[in-house]
Amino acid sequence: MLKIYNTLTRKKELFQPRIPGQCGMYVCGMTVYDYCHIGHARVMVVFDTVARHLRHSGYALTYVRNITDIDDKIIQRAHDNGEAFTDLTERFIAAMHEDERALSVLPPDIEPKATQSIPDIIAMIETLIGNGLAYVGGNGDVFYAVNKFAHYGQLSGKNLDDLQAGERVGIDHAKHNPLDFVLWKMAKTGEPAWPSPWGDGRPGWHIECSAMSTCCLGNHFDIHGGGMDLQFPHHENEIAQSEGATGETFVNIWMHNGFVRVNEEKMSKSLGNFFTVREVLKAYQPEVVRLFILLSHYRSPLNYSNEQLDEAGIALTRLYTALRGLALATGLAIDLGYVGRFKQAMDDDFNTPVALAVLFDLARELNTAKAAGDAEQCAQLAATLRHLGGLLGILQSDADSFLQGDADEAIEQQIQARIAAKKAKDWALADQIRDSLKAAGVILEDAPNGTTTWRREG
RNA sequence: GGCUGCGUAGCAAAGCGGUUAUGCAGUGGCCUGCAAAGCCAUCUAGUCCGGUUCGACUCCGGACGCAGCCUCCA
């Protein structure tokens, strides 16, 4: 039985889909004006893992992750670059898809873009105005009137009085209430714009997600996810918009992933302390980055450091080392004990650290079976390890290609020379060859049968 | 200031009211020509102070500390 932590109730709840056997999930995706950083990678990997587990658990999942391809920062960046905003967004959408593929993130079923959802957005704003929840402000922008929505603050645990007491932004006289937020923003000269009943302009940030999610998944759906920082105001506003427009409950379960931190501080673009995915992938294999993310629970903070990435690399090496030398057979029986433990971990709010602990226990037993020469046991355990790894999006490479990278003829020659030296009991030469390879980052491992395998360090 | 959440061994990171987490590192052993890898054993825990309980790292209260949101942000 799958349990999921719901931000709305602040506890783990038994997952009960609206329609048995089905699930609709919407995740707030990227605003595409720059390369994805590791924080974005975490969202992609975490919800990809959630999607994989839901599917494997038998739910017919519709996974929607949007792209915000129009907003103030995009306009600003395109202007700075002297290019059309569409050229900018197309470039970074392509880059995002590249990063995603590298990290073994399966594409969502639907990837709606804000600019392709303008009619739906306008329709929703008209409904909100019709319902008395939105108004045209003094500057022509359309605003949502937060005090007209009774449940405002239910997700973030805030109430309007507290919010107003802590108001830090300068008063905008175009609004009735400082906490009201923009639904439709009038275009200044030269800005991208779409025609609307209120004049040429563009959607506010929050409305696009309300429009796209309800269009793709219906007025009421199962799971809505995103980073912790979207809880307020973004998701709070989404609830106000969607429920205000449809009159129905919007979402059953809200999931929020924790931040990636650098030196105990949130990684973010505004702080400038971010590492882009492509930058990190220059130094670490993509699968290592994925494991690094999965080694922490999705709601916990994740500290980014080279030491942590290195450890993830060592951990992955341990798993692949266990698989090394065993054929990639398919269709083999798998060990149901481990499968059960794994499922139990994942069913407990997607507890990937515990699920991974199961894989390490499995690797230990596999190593023991290898030492005992039990081929049947080895095959079964290896098949189980690969199967469970696959559910997390890891361990799908050939072990040698992970451990060795590109084949290297020179290394093979050195190994042969060393085997000859060993036969001649010329230990000094054998050790010298091993040391020189070690200096080049190549580690040799002698097997009892006289053969030698190798792997690259780190 | 308001609202969240967190505080576990050398490091990272989980579960759990009484029984091995797991990975890395350390120590001892097996294996090895020596290593590496692997296996076995093993040392380091639960911020502090109260309370509940036969028993608390685990539940409750308080203190302290940290992070996040309250402003664009995954």
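Labels below follow one simple rule: chain letters A, B, ... track the order of the sequence lines, proteins then strands, and each chain is numbered from 1.
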If you measure from the Lys or Arg side-chain nitrogens to the Asp or Glu carboxylate oxygens, is any gap between [X] and [Y] under 4.0 Å?
X: A:E236; Y: A:K158; answer: no
X: A:D229; Y: A:K266; answer: yes
X: A:K438; Y: A:D431; answer: no

Flag for [Y]-[X]: side-chain donor and acceptor within less than 3.5 Å:
X: A:T9; Y: A:E13; value: yes
X: A:E287; Y: A:Y320; value: yes
X: A:D310; Y: A:Y284; value: yes
X: A:T7; Y: A:H256; value: yes
X: A:Q76; Y: A:D80; value: yes

* Asked: More 5' along RNA chain B: A:A447 or A:R341, using each one's nearest nucleotide?
  -> A:R341
* Between A:H37 and A:A428, just flag the one whose closest nucleotide in RNA chain B comes earlier from the 5' side. => A:A428
* Look at A:K422 and B:rU32 and indicate whether a side-chain polar atom (N or O) is within less than 4.0 Å of OP1 or OP2. => no
* Would you say a side-chain N or O of A:R318 is under 4.0 Å from OP1 or OP2 of B:rG38? -> yes
Strand partner of [N], provided both Watson-Crick or wobble distances fall under 3.5 Å:
N: B:rU4; result: B:rA67
N: B:rA9; result: none
N: B:rU58; result: none
N: B:rA41; result: B:rU27
N: B:rA21; result: none
N: B:rC34; result: none

Over how many whole Å does the gap from [X] atom [atom1] to [N] atom [atom2] extend?
X: A:Y33; N: B:rA74; atom1: OH; atom2: C1'; answer: 11 Å
X: A:L359; N: B:rC24; atom1: CG; atom2: P; answer: 14 Å
X: A:L444; N: B:rA37; atom1: CG; atom2: C1'; answer: 12 Å
X: A:R299; N: B:rG7; atom1: CZ; atom2: P; answer: 11 Å
X: A:L403; N: B:rA37; atom1: CG; atom2: C1'; answer: 11 Å
X: A:Y5; N: B:rC6; atom1: OH; atom2: C1'; answer: 11 Å
X: A:H235; N: B:rC69; atom1: NE2; atom2: P; answer: 14 Å
X: A:K425; N: B:rU32; atom1: NZ; atom2: P; answer: 13 Å

* To do: Can you sort out which residues in residues 65-74 of chain A have a heavy atom within less than 4.0 Å of RNA chain B? Ascending by number, please.
  => A:K73
* With a 4.0 Å heavy-atom cut-off, tell me which residues in residues 90-105 of chain A come close to RNA chain B, sorted by residue number. => none
* Between A:W427 and B:rG33, do the rings stack, that is, sit under 5.5 Å apart with planes less than 30° off each other? -> yes
For the rings on [X] and [Y], is their centre-to-centre separation under 6.0 Å?
X: A:H56; Y: A:H53; result: no
X: A:F275; Y: A:Y304; result: yes
X: A:F250; Y: A:F221; result: yes
X: A:Y33; Y: A:F92; result: no

What about [X]: does its side chain form a donor-acceptor pair under 3.5 Å with the base of [N]?
X: A:R434; N: B:rC34; result: yes
X: A:K158; N: B:rC69; result: yes
X: A:N159; N: B:rG2; result: no

Please work out if [X] contacts a base, only the sugar-phosphate, or nothing of the nucleic acid, heavy-atom cut-off 4.0 Å.
X: A:S156; answer: sugar-phosphate
X: A:V46; answer: nothing
X: A:G153; answer: nothing
X: A:M267; answer: base
X: A:A315; answer: sugar-phosphate
X: A:T321; answer: sugar-phosphate

Rounding to the closest angstrom, what is the interatomic distance between [N] and [M] at atom [atom1]?
N: B:rG28; M: B:rG18; atom1: C1'; value: 31 Å
N: B:rG29; M: B:rG65; atom1: C1'; value: 43 Å
N: B:rG7; M: B:rC59; atom1: P; value: 10 Å
N: B:rU42; M: B:rG61; atom1: P; value: 38 Å
N: B:rC43; M: B:rG1; atom1: C1'; value: 47 Å
N: B:rG50; M: B:rG15; atom1: P; value: 27 Å

Got a list of protein N/O to nucleotides 9-16 of chain B N/O distances below 3.5 Å?
residue : atom : partner : partner atom : Å
B:rA12  : O3'  : A:Q308  : NE2          : 3.4
B:rA12  : O2'  : A:Q308  : OE1          : 3.0
B:rA14  : OP1  : A:H297  : N            : 2.7
B:rA14  : OP1  : A:S300  : OG           : 3.0
B:rA14  : O3'  : A:N351  : ND2          : 3.4
B:rA14  : O2'  : A:N351  : ND2          : 3.4

* Closest to the A:R261 side chain: B:rA67, B:rU22, B:rA37? -> B:rA67
Please say whether more than 12 non-hydrogen atoms of neighbouring residues, nucleotides or ligands are located less than 6.0 Å from [atom1] in [X].
X: A:K269; atom1: NZ; answer: yes
X: A:N263; atom1: CG; answer: no
X: A:D406; atom1: CG; answer: no

